[in-house]
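A quick write-up on the structure given underneath.
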Amino acid sequence: MAHINITAKRLILYFFGLFFLSLGVSFSIQANLGVSPVSSLAYAFTLSTGISIGLMTIAANVLFIIIQIILSKKFNLREAIFQLIITFLFGFMMNFTLFLVQILPAPETWIMRSAFLVISLFVVSTGLLGYFSTKFPLMPYDELTHVISEKFNMQFSKAKITSDLLNVAAAGLICIIFIQSLGSIGIGTLIAAYFIGKITGWMMKEYQHHLIDWSGQRKAIAEEVIETAEPGNDTGFEEELPEPFENPTAP
């Protein structure tokens, strides 16, 4: 029963993490100063086709799954299904949160657009805090970064920079070809690339342990260690908990 309660709390945390991620991206879209690198390709698809950001988010993430399979030369049906479920859920949330944000007065001045951008940074970081604290499957883009890291024997931070640059380059190229402008790429893209990692890192140091305690993960891991530990073993459970990300990925 306790295990079910812990899983339920982790699911709630995961759901709200994804919701705040999508809400933050929606604020950045409304700011019209450029979206974060991870969302840039999906938004480029939307600007080029006129199709909703939700559907194009799904399309972009399906593409990331395909690239994962090509690079790793492996196909795990269970992992693919998990990633597709997350992708469709996040795509639905993108349409819903963008609808909510568009109810607000459109930011027409630089001050208001900047305010929307700053709000997006903190909202996305809040989403990442919840999303990364559950130890549930990652979204396709984050998994792709891990695949790139393993495939090319790169540090995760360098793999992230590489995948972000490729994503932004592809998004910019698509926008230039189809709408003759940079479209989804702007000063907001650079600001998000730098500050989201910093803000999320700070939030994780300050608040992640509270979320772990609330969800019961710390207690569950401690009990598992006690049950499985050999007599005399000095086994700690801290290293099993989610570690703060130095530069998390934002969708």
Taking [X] for the side chain and [Y] for the main chain, is one N or O donor matched with an acceptor at less than 3.5 Å?
X: R113; Y: L33; value: no
X: S184; Y: S40; value: yes
X: Q68; Y: P140; value: yes
X: S133; Y: L211; value: no
X: N61; Y: T87; value: no
X: Y43; Y: G183; value: no
X: Y207; Y: L129; value: no

Residue pair [X] / [Y], side-chain heavy-atom distance below 4.5 Å:
X: P37; Y: T189; result: yes
X: F82; Y: F136; result: no
X: F45; Y: I51; result: no

**Item:** Non-hydrogen atoms of A31 and F116 that approach each other most closely
**Value:**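 Here A31 and F116 meet closest at CB-CB, 3.8 Å.
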**Request:** Any chance you could measure T145, atom OG1, to L138, atom CG, to the nearest 0.5 Å?
**Result:**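 T145 atom OG1 to L138 atom CG measures 9.5 Å (nearest 0.5 Å).
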**Prompt:** Just wondering, are more than 12 heavy atoms of other shown residues or ligands nearer than 6.0 Å to CZ in F122?
**Reply:**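 Not buried by this count: 12 neighbours or fewer within 6.0 Å.
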